[in-house]
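Values below: all heavy atoms of this structure, side chains included; hydrogens, waters and symmetry mates excluded. Residue numbers start at 1 and run along the sequence shown.
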Amino acid sequence: LNQFLSTMKLPTVGKYYLSLGLGGHVIHNKMVAGLELVRTVEKDSPGAMGFNTSVEANYGILNFGYLLHSQKGLMLYPYTGLGLGRLILRVTENNIHSFEDITGYQKGSDSRSTNILVDLGFALDFFYKYNEKKKGQNNLMVGIRAGYILSPIRRHWRVNHIQVYDGPDAGITGP
């Protein structure tokens, strides 16, 4: 994506983003099933030639795992998941200098690419004040995940709701 933006003499976007997420999981016997919803905070890059670029990503993944270790509220399990995500690129002319300029003509585009996602990783969860009788139900939990998201299937880009076939090969991937 940055190679494409650079070629077009537009500002490139950063590699790291603040992500906000919400999720949960249930454990039955040794099987773990969970759902996570994630949204990156949009990152703007003001640039040359009077244009700004911004990128954001949103995705949801349904994960399944197998409990390898469980002792006094500490649980370790590998997981794999399948989900759907959307990568959004906005390019906007930055020709507004005051609020009175909001009715003026402004060039811009809203480009989106939908991705099928595969999530592979390990999880370590700790249930605070774990109660063996309740099996962690309705308990405060602290967890850490280490994994990688792959984007093996990517749909063509849509620019301002029009499908295009020559967009950059960019997806929601990474650790």
Side-chain angles (χ1 to χ4, degrees), residues 1-5 11-46 52-91 110-158 161 167-175:
L1 184 59
N2 274 336
Q3 183 178 1
F4 169 79
L5 291 172
T12 58
V13 295
K15 293 181 181 182
Y16 304 103
Y17 294 82
L18 175 63
S19 297
L20 304 173
L22 178 65
H25 64 270
V26 293
I27 301 172
H28 181 69
N29 294 329
K30 290 194 170 267
M31 300 305 293
V32 181
L35 174 68
E36 62 181 90
L37 304 170
V38 177
R39 179 182 180 127
T40 62
V41 175
E42 191 171 15
K43 203 172 202 181
D44 290 322
S45 297
N52 293 349
T53 57
S54 65
V55 171
E56 72 177 67
N58 306 310
Y59 63 87
I61 297 179
L62 187 58
N63 288 315
F64 299 96
Y66 183 77
L67 200 57
L68 295 177
H69 177 77
S70 175
Q71 184 178 19
K72 296 183 181 178
L74 186 65
M75 299 183 183
L76 173 69
Y77 55 93
Y79 65 89
T80 185
L82 190 62
L84 192 62
R86 179 172 279 171
L87 185 63
I88 302 164
L89 167 68
R90 289 185 182 92
V91 178
D110 186 43
S111 307
R112 297 164 187 258
S113 174
T114 302
N115 300 231
I116 301 292
L117 305 175
V118 175
D119 189 10
L120 304 168
F122 279 90
L124 178 67
D125 294 336
F126 178 72
F127 288 84
Y128 180 71
K129 293 186 180 181
Y130 184 74
N131 183 336
E132 188 69 38
K133 292 178 185 176
K134 292 174 92 176
K135 297 183 180 178
Q137 185 177 4
N138 300 328
N139 218 149
L140 178 64
M141 180 199 75
V142 177
I144 188 167
R145 307 282 185 271
Y148 201 86
I149 294 179
L150 304 162
S151 184
I153 300 173
R154 302 174 189 163
R155 292 194 57 203
H156 295 291
W157 284 87
R158 295 185 78 79
H161 303 286
D169 185 25
I172 301 170
T173 60

Specify the closest pair of heavy atoms between Ser151 and Gly171, including all atoms of both residues, with the distance to one decimal. OG-CA, 4.2 Å

Considering residues at least two apart in sequence or located in another chain, which fulfil the salt bridge (Lys or Arg N to Asp or Glu O under 4.0 Å) criterion with Arg90? Glu42, Glu56, Asp110

If the condition is side chain to side chain contact (heavy atoms under 4.5 Å, CB included), which residues does Val41 pass it with, not counting sequence neighbours? Leu18, Leu20

Can you name the residues that form a side chain to side chain contact (heavy atoms under 4.5 Å, CB included) with Val55, not counting sequence neighbours? Leu1, Val13, Tyr17, Leu87, Leu89

OG on Ser113 to NE2 on His156, rounded to 0.5 Å: 9.5 Å

When rounded to the nearest 0.5 angstrom, what distance separates CG in Asn58 from CD1 in Ile172? 7.5 Å

Indicate the atoms forming the closest heavy-atom contact of Thr40 with Ser19, along with that distance. CG2-OG, 3.6 Å

Side-chain contact, heavy-atom cut-off 4.5 Å: Ile61 with Val118? no

If you count the non-hydrogen atoms of other residues, nucleotides and ligands that lie under 6.0 Å from NE2 in His69, is the total more than 12? yes

Kindly check if the number of other-residue, nucleotide or ligand heavy atoms within 6.0 Å of CZ (Arg112) is above 12? yes

Passes side chain to side chain contact (heavy atoms under 4.5 Å, CB included), His25 versus Asn63? Steps please. CA-CA 9 Å; His25 64 270; Asn63 288 315; over 6 Å; no

Going from CZ on Arg158 to OG on Ser111, what distance comes out if it is rounded to the nearest 0.5 angstrom? 11.5 Å

Could you check Leu22 against Leu35 for side chain to side chain contact (heavy atoms under 4.5 Å, CB included), going step by step and ending with a plain yes or no? CA-CA 8 Å; Leu22 178 65; Leu35 174 68; over 6 Å; no

Is any side-chain heavy atom of Thr173 closer than 4.5 Å to a side-chain heavy atom of Asn115? no

Of all residues at least two apart in sequence or in a different chain, which pass the side chain to side chain contact (heavy atoms under 4.5 Å, CB included) check with Pro175? Tyr148

Pairs meeting criterion salt bridge (Lys or Arg N to Asp or Glu O under 4.0 Å) with involvement of residues 20-37, two or more places apart: none

Can you give the donor-acceptor pairs under 3.5 Å from side chains of residues 75-86 to other protein atoms, not counting sequence neighbours?
{"from": "Tyr77", "atom 1": "OH", "to": "Asp125", "atom 2": "OD2", "distance (Å)": "2.9"}
{"from": "Tyr77", "atom 1": "OH", "to": "Arg145", "atom 2": "NH2", "distance (Å)": "3.3"}
{"from": "Thr80", "atom 1": "OG1", "to": "Asp119", "atom 2": "O", "distance (Å)": "3.3"}

Of all residues at least two apart in sequence or in a different chain, which pass the side chain to side chain contact (heavy atoms under 4.5 Å, CB included) check with Ile153? Ile116

